Every structure is written in C-alpha cells, then in structure tokens.
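Just below is one structure, and these are the notes that go with it.
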Amino acid sequence: MNLKITGINIDITAALREHIEKKLERIVRHADGVISTAVTLSVDKLQQKAEVDLHMAGRDLHVETVESDMYAAIDVLMDKLDRMVLKHKEKQTDHRTTPSGRESIG
C-alpha cells in the first residue's frame, strides 16, 4: 500500500505520521486490496481538517472531517473510513446460498 501524507498550513511531524499509520493498520486489516491512500491535513484558523482518499480494488473512498484538534480529527476520520470500508465489504459478499439461488439439500 502506498501512503501519501500531505499538510496544508501544517508541518507533518513524526508523531502525526505515526498516529496516522497506526490508525490505518485497522483499516487495512478490514479492507481487501488497498492500493493507495492519500491523507491531507489542513489548518484554517481554528478548524483542523483531515481528509483521506482510499483507492481500493473496485472502489475509491473519500472521507473528510473537521474538528478543533488534529488528533481528534484523525480519529473521527479513521472511524468514518472504517465504517465505509466495512459497508463496502458487506456489499461485495455473495448473499445467495448457491449459484442457482436454491438452498442446498444435504
């Protein structure tokens, strides 16, 4: 997985990078086929904004949050992304019992 972290009006410190990577581990565990991830952090006066673009096999996901604290924004962002990934994964599963649609006897 390729990870790109960009900061707009903010320096990306080692602690921020480590926090993002730790939170993304959970997402990667739930998602199959993550190709690349782009995280953008920005500061505008008192608003801390975090965005993520996750490129998966078959789907691109975009999530953004605005909080008063950057670490809180990252936490909320990863929670939202995790819910979206799980929802996408459930949509992909085949809910039929057999390919013909009939229940198997046996």
Side-chain angles (χ1 to χ4, degrees):
M1 173 186 79
N2 294 330
L3 175 62
K4 180 181 177 186
I5 302 174
T6 307
I8 300 173
N9 296 332
I10 186 173
D11 292 329
I12 305 300
T13 63
L16 273 174
R17 179 176 297 278
E18 189 176 304
H19 187 71
I20 291 169
E21 290 173 353
K22 186 178 86 170
K23 293 291 183 175
L24 276 174
E25 287 176 5
R26 178 180 63 171
I27 307 300
V28 173
R29 238 184 301 134
H30 290 158
D32 297 329
V34 175
I35 298 168
S36 67
T37 306
V39 179
T40 305
L41 307 176
S42 62
V43 176
D44 186 31
K45 294 188 181 180
L46 298 176
Q47 293 183 339
Q48 314 285 322
K49 185 176 182 181
E51 301 178 46
V52 66
D53 291 311
L54 185 75
H55 181 64
M56 298 170 42
R59 181 94 183 193
D60 291 335
L61 301 176
H62 175 81
V63 182
E64 59 184 55
T65 59
V66 177
E67 295 288 329
S68 60
D69 178 42
M70 185 57 77
Y71 286 97
I74 293 169
D75 292 343
V76 171
L77 179 77
M78 294 304 167
D79 289 341
K80 283 184 178 182
L81 184 62
D82 192 34
R83 285 193 302 268
M84 286 183 75
V85 165
L86 289 175
K87 184 176 179 181
H88 171 68
K89 190 174 178 180
E90 284 190 13
K91 282 184 179 181
Q92 283 188 330
T93 58
D94 189 17
H95 296 287
R96 291 191 283 169
T97 55
T98 62
S100 67
R102 299 184 201 129
E103 291 187 25
S104 59
I105 301 172

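Because the structure is predicted, anything quoted here is derived from the model rather than measured.
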Taking atom CG of Leu81 and atom CG of Leu86, what is their separation to the nearest 0.5 Å?
9.5 Å
How many angstroms lie between atom CD of Glu21 and atom CD1 of Ile5, to the nearest 0.5 angstrom?
5.5 Å
Atom pair CG/CG of Leu24 and Leu77 - distance to nearest 0.5 Å:
8.5 Å
At what distance, to the nearest 0.5 angstrom, does CE of Met56 lie from NE2 of His88?
4.0 Å
Just by modelled atom types, is the Asp44 backbone N or O under 3.5 Å from a matching donor or acceptor in the Lys49 side chain?
no
Transitive ILVMFWY side-chain link Val63 to Ile8, under 4.5 Å:
no
Lys22, NZ: over 12 other non-hydrogen atoms inside 6.0 angstrom:
no
Give the minimum heavy-atom separation between Ile20 and Leu41, together with the two atoms involved.
CD1-CD1, 3.8 Å
Identify the heavy atoms of Ala73 and Thr65 that sit nearest to each other, and give their distance.
O-OG1, 3.1 Å
Check the surroundings of atom CG in Asp69: do more than 12 heavy atoms from other residues, nucleotides or ligands lie under 6.0 Å from it?
yes
d(Glu64 CD, Asp53 CG) to nearest 0.5 Å is 9.0 Å
Taking only Lys NZ, Arg NE, NH1 and NH2, and the carboxylate oxygens of Asp or Glu, determine whether Arg29 and Asp82 approach each other closer than 4.0 Å.
no
Any chance you could lay out the side-chain contact (heavy atoms from CB on, under 4.5 Å) test for Val34 and Ile27, step after step, and finish with the verdict?
CA-CA 9 Å; Val34 175; Ile27 307 300; 5.6 Å; no
Please say yes or no: joined through hydrophobic side-chain contacts below 4.5 Å, possibly via intermediate residues, are Met84 and Leu54 part of one cluster?
yes
Using the rule given for side-chain contact (heavy atoms from CB on, under 4.5 Å), can you reason through Leu16 versus Ile74, listing the C-alpha separation, both sets of side-chain angles and the distance that settles it, and then say yes or no?
CA-CA 9 Å; Leu16 273 174; Ile74 293 169; 3.7 Å; yes
Shared ILVMFWY cluster between Val66 and Met78, side chains joined below 4.5 angstrom?
no
Answer with yes or no whether the hydrophobic clustering places Tyr71 together with Leu3; edges join I, L, V, M, F, W, Y residues whose side-chain heavy atoms lie under 4.5 Å apart.
yes
Just verifying a value: how many Å separate Thr40 OG1 and Lys4 NZ, rounded to the nearest 0.5 Å?
7.5 Å
Between Asp75 and His19, does a side-chain contact (heavy atoms from CB on, under 4.5 Å) hold up when you go through it step by step?
CA-CA 9 Å; Asp75 292 343; His19 187 71; 2.9 Å; yes
